[in-house]
Amino acid sequence: MLIDLFLTFLMVGLVSFGGGYAMIPLIQEEVLNRHHWMDAAQLTDIVAVAGMSPGPIATNIAVAVGYHQAGATGAVVASVAMILPSLALILAAGKLIMRYRDNRLVKSSFFGLRPTVAGMIVYAAILFAQNSGMSLAFDWRTWSQLAIFAGSLFALIYLHKHPFTVVLLSGLVGIAVYG
């Protein structure tokens with residue numbers, strides 16, 4: 001189990017670009033579909049808690065999945081595996097990127113990666129919404145979730161509210177509406 005955890009999160013950390021939210025589709029594929037370590041509802045709950053917890057979301061997810069599978073040792077193994085590729089790549093590539101950051105090809109490659117990362121984040125958001133019970137039927141629950149989403153987005157973009165405040169208020173609205 002520990003070897004599977006290590007190899008899975010090492011691979012996720014190695015091939016994922018764009019930050020934690022962009023890693024969620026790959027984590028979901030590995031945890032749910034390949035290894036069947038938990039069901040979609042459990043992973044959705046872990047993603048929600050990981051997103052509200054301090055630290056990188058992907059590492060927080062790795063810790064929670066590792067703990068779920070193999071206790072404290074699993075949490076340590078999964079988190080080390082998740083951060084090891086980033087650490088090694090940043091140390092190795094950092095010097096090269098700084099040296100060639102003005103190179104046209106380097107600039108172009110990063111410009112090309114931006115929309116891909118944005119697309120992966122939107123895909124993760126759609127999967128997260130579906131796994132949280134949002135359906136395409138647009139019943140009262142779906143409309144209320146869309147209203148919470150729209151209100152949160154408005155508060156962040158136009159009212160410049162702190163994300164912690166938005167998360168806290170959204171949780172309180174959830175308790176009031178669904179509790």
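All heavy atoms count here, side chains included; hydrogens, waters and symmetry mates do not. The structure presented is a predicted model; accordingly, all values stated were derived computationally and were not measured.
The shortest distance between side-chain heavy atoms of I46 and Y67 does not fall below 4.5 Å.
When all heavy atoms are compared, the tightest approach of A50 to N60 is O-ND2, 3.2 Å. Heavy-atom minimum distance, A78 versus G66: CB-CA, 4.0 Å. For W37 against H68, the heavy-atom pair with the smallest separation is O-CE1, 3.3 Å. Between M120 and P25, the shortest heavy-atom contact is O-CG, 4.0 Å.
Side-chain N or O atoms of H35 include none that pairs as donor or acceptor with a backbone N or O of L32 at under 3.5 Å. When atom types are taken as modelled, the side chain of T8 and the backbone of L5 share no donor-acceptor pair closer than 3.5 angstrom.
In this structure, I61 CD1 and Q28 CD are separated by 10.0 Å, a value rounded to the nearest 0.5 Å. Interatomic distance, CG of D4 versus CZ of R34, reported as 7.5 Å (0.5 Å rounding). A distance of 13.0 Å separates CG in L146 from CZ in R141, rounded to the nearest 0.5 Å. We find the OG-CG distance between S79 and L84 to be 10.5 Å, quoted to the nearest 0.5 Å. Distance check, rounded to the nearest 0.5 Å: CG of L43 to CD1 of I24 gives 8.0 Å. Note that CG of L156 is 9.5 Å distant from OG1 of T165, once rounded to the nearest 0.5 Å.
Under the 4.5 Å side-chain heavy-atom criterion for grouping Ile, Leu, Val, Met, Phe, Trp and Tyr, I148 is not connected to L159 through any hydrophobic cluster. At a threshold of 4.5 Å between side-chain heavy atoms, the hydrophobic network of Ile, Leu, Val, Met, Phe, Trp and Tyr places M38 and L2 in one connected group. Under the 4.5 Å side-chain heavy-atom criterion for ILVMFWY residues, no single connected hydrophobic cluster contains both V65 and V76.
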